[in-house]
Amino acid sequence: MTYAAPLADMRLVLDTLGNLSDDAAEVADAVLEEAARFAEEELAPLNPIGDRTGSVLENGVVRTPPGFRDAYRQYVEGGWNALSSPPETGGQGLPQALAAPLTEMWNSACMGWALCPLLNHGAIEMLNAHGSPEQKARYLGKLVSGEWTGTMNLTEAQAGSDLGALRTRAAPANDARWGEHYRITGQKIFITYGDHDFTDNIIHMVLARLPDAPPRSRGISLFLVPKFLLDNDGKPGERNDIRTLRLEEKLGIHASPTCVLSFGEDGGAIGWRIGEPHRGLEAMFTMMNSERLLVGVQGLAIAERAYQTALAYARNRVQGQPIGMPRAKGAEAATPPIVHHPDVRRMLLSMRAQTEAARALAYYAGAAIDAAHRDPKAQYRADLLIPVVKAWCSDKGIEIASTGIQVHGGMGYIEDTGAAQHLRDARIAAIYEGTNGIQAGDLVGRKLARDKGDAARALFAEIAESLGDLTGAFAPLRQPLADGLATLETATDYLVDAEPPLAAAGAVPYLNLFGTVIGGYLMARLAISAQKAGHPFAAAKLATARFFAEHELAHAPGFLAAIKGGATVIGFDPDQL
Ligand SMILES: Cc1cc2nc3c(=O)[nH]c(=O)nc-3n(C[C@H](O)[C@H](O)[C@H](O)COP(=O)(O)OP(=O)(O)OC[C@H]3O[C@@H](n4cnc5c(N)ncnc54)[C@H](O)[C@@H]3O)c2cc1C
């Protein structure tokens, strides 16, 4: 149940797809190695403790599991939190492509812990993009260093996917002490790390409505609401009017406190507006986009950990003579472990190939975001990839964690092996930050619709061009990728012209097809790059790319049938369900 960061794999993806500057490439090894040490030695041992103990609410105070707070202190002291924040905020400006492996390591090691910095990261990006100079001066530095953490307060009981339904209110106020501010009242549910004992302040980013707000999503504003109001020296002082009512009991990530927060039971929590009135959702989207990439990385992270757990078990568990292996002679001859059974090998290879594809896709999207920071014209590519990374990688995390249990047989269902925790933890990534159904709707309804598929086709042209490289040892990858690409092009043409309800009904299989084809393309590039660099694992890379081509890209026609089968879905009367 230990964790070893897959540094060689990470480095290959970065070198092939990360598009790192010379400066970033130079520090990459040192950063990755030091992060691996922290993840393996400090965070990974916390994972089962967090699962068993969970965070608790006692006398209104949230206590995280033993060791969590100290690990967070070490993380801040090590400067890890500041690494990927922009230099103008006091961060070190690490590119997203290089931040992605760090997020992967923290989440492979202990997702229940890693959620706290993950949300803070989004809060930093949002405040940096939309905060006033004064807000940035007072809060940003502490969030970047990690001395304080940021949260994301969107969800209410009646407003989950549909944020237009939210009711939390913000009334304008003005006094000598706090200047122009707002009094926030309402209840938020499911707030990750909405309260905890890691830091001496928590800065909530809260969506609420002004009194004159237009209806629904056109009338939502964003507010900065600290747990402790700052005194004249900028230090946490008086407690704000925010109460933690409950922590949710949940399937996984037990260590991560999922809070029901009540704002303003005693006259109104004090907050300050971020950005323009009624434009809060736009600002919040900066945070959500950042988080969506990272949630996709969480899926990848759990997949990697589940693979390592399953492989270690399969190398030790002995159960029957594998088909096709001659029985060893002699009284002392041992039966080989289950890793030699063809079906167990198939399961492990499928876990490994899909994890490699998810890693390639996630880091590639990180590089696309970096490119968009340098050149706004590259933004459409990044926008296209974000919902795919979020949904495809988080779905893979669940599937791979489930296969991991299967590799263990009955022991996978027993908590001692840790395989069950991986599945329980992975499950949430397909739900929060916009469910995967919402991501697919975003891909088809917004990202394809807004340019009639042009950004997608530019990516497809790149894939088509790469087919010419698939010769010699790589030739078996060529036809499955060419067929998958042709299917994706057909599906894209169909969806761009489809009526919106039909397009919506085909959106999830389309996202699956999209992720699978891009995954196959990127794996082919990795295999070629490994061979060119003379990597010792070049043959293994080709084998996993080939497995992916033959076993995953082979599903492309099935996805297309489901995409075009939207009429059956739309035509079905919900009363008949
Ligand atoms: C552990 C945990 C942590 C969380 N952390 C946070 C947090 O830190 N901050 C925060 O604000 N929220 C947080 N959330 C809330 C999370 O983002 C929401 O649960 C999620 O967005 C879905 O909303 P919902 O639960 O209301 O489901 P619903 O919106 O009710 O969705 C139910 C089903 O209907 C589908 N559906 C709904 N609308 C559509 C549509 N338009 N098109 C297609 N399908 C649709 C959904 O895909 C889903 O399958 C967290 C939730 C959990 C469980």
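For ligands, and for the atoms within them, numbers begin at 1 and follow the listed sequence.
Side chain of Asn153 to backbone of Ile191: no donor-acceptor contact under 3.5 angstrom is found. Of the possible donor and acceptor atoms, one in the side chain of Arg209 sits under 3.5 Å from a partner among the backbone N and O of Gly219. With Arg69 contributing its side chain and Asp197 its backbone, the two residues share a donor-acceptor pair below 3.5 Å. Between the Asp573 side chain and the Asp575 main chain, a donor and an acceptor come within less than 3.5 Å of each other.
Closest heavy-atom approach to atom 2 (C) of ligand 1 within the set Thr155, Leu118, Ile428: this belongs to Ile428. The nearest non-hydrogen atom to atom 20 (C) of ligand 1, considering only Asp162, Thr192, Ile431, Leu261, comes from Ile431. Between the choices Tyr432, Tyr193, Phe190, the shortest heavy-atom distance to atom 19 (O) of ligand 1 belongs to Phe190. Counting only non-hydrogen atoms, the option in Gly122, Ala440, Ala159, Ser161 that gets closest to atom 38 (N) of ligand 1 is Ser161.
Near Met152, meaning under 4.0 Å from one of its heavy atoms, ligand 1 places the atoms 7 (C), 8 (O), 9 (N), 10 (C), 11 (O). Interface atoms of ligand 1 facing Thr435, defined by a heavy-atom separation under 4.0 Å, are 22 (C), 46 (C), 47 (O). Taking a cut-off of under 4.0 Å to the non-hydrogen atoms of Thr258, the atoms of ligand 1 that pass are 1 (C). Heavy-atom proximity to Gly160, at under 4.0 Å, picks out these atoms of ligand 1: 23 (O), 24 (P), 26 (O). Those atoms of ligand 1 that come under 4.0 Å of a heavy atom in Glu433, given as number and element, are 17 (O).
When distances from atom 47 (O) of ligand 1 to the protein are checked, a heavy atom turns up under 4.0 Å. The protein reaches atom 4 (C) of ligand 1 closely, with a heavy atom under 4.0 angstrom from it. For atom 30 (O) of ligand 1, no protein heavy-atom neighbour is found at a distance under 4.0 Å. There is no protein heavy atom closer than 4.0 angstrom to atom 35 (C) of ligand 1. For atom 50 (C) of ligand 1, the nearest protein heavy atom lies closer than 4.0 Å.
Remark: Arg239 is positioned above the aromatic ring of Phe228, its terminal NZ or CZ atom under 6.0 angstrom from the ring centre and at most 45 degrees off the axis.
Enclosure of atom CD in Gln406 is not indicated, since only 12 or fewer non-hydrogen atoms of other residues, nucleotides or ligands lie within 6.0 angstrom. Within 6.0 Å of CZ on Arg73 lie more than 12 heavy atoms contributed by other residues, nucleotides or ligands. Within a 6.0 Å radius of CZ in Arg427, no more than 12 heavy atoms belonging to other residues, nucleotides or ligands are found.
For the pair Arg305 and Asp425, the salt-bridge criterion is not met [side-chain N within less than 4.0 Å of a carboxylate O].
The only member of Arg246, Glu248, Glu249, Lys250 that meets side chain to side chain donor-acceptor pair (under 3.5 Å) when paired with Thr258 is Lys250.
Shortest contact from atom 42 (N) of ligand 1 to any protein heavy atom: Ile438 CD1, 4.0 Å.
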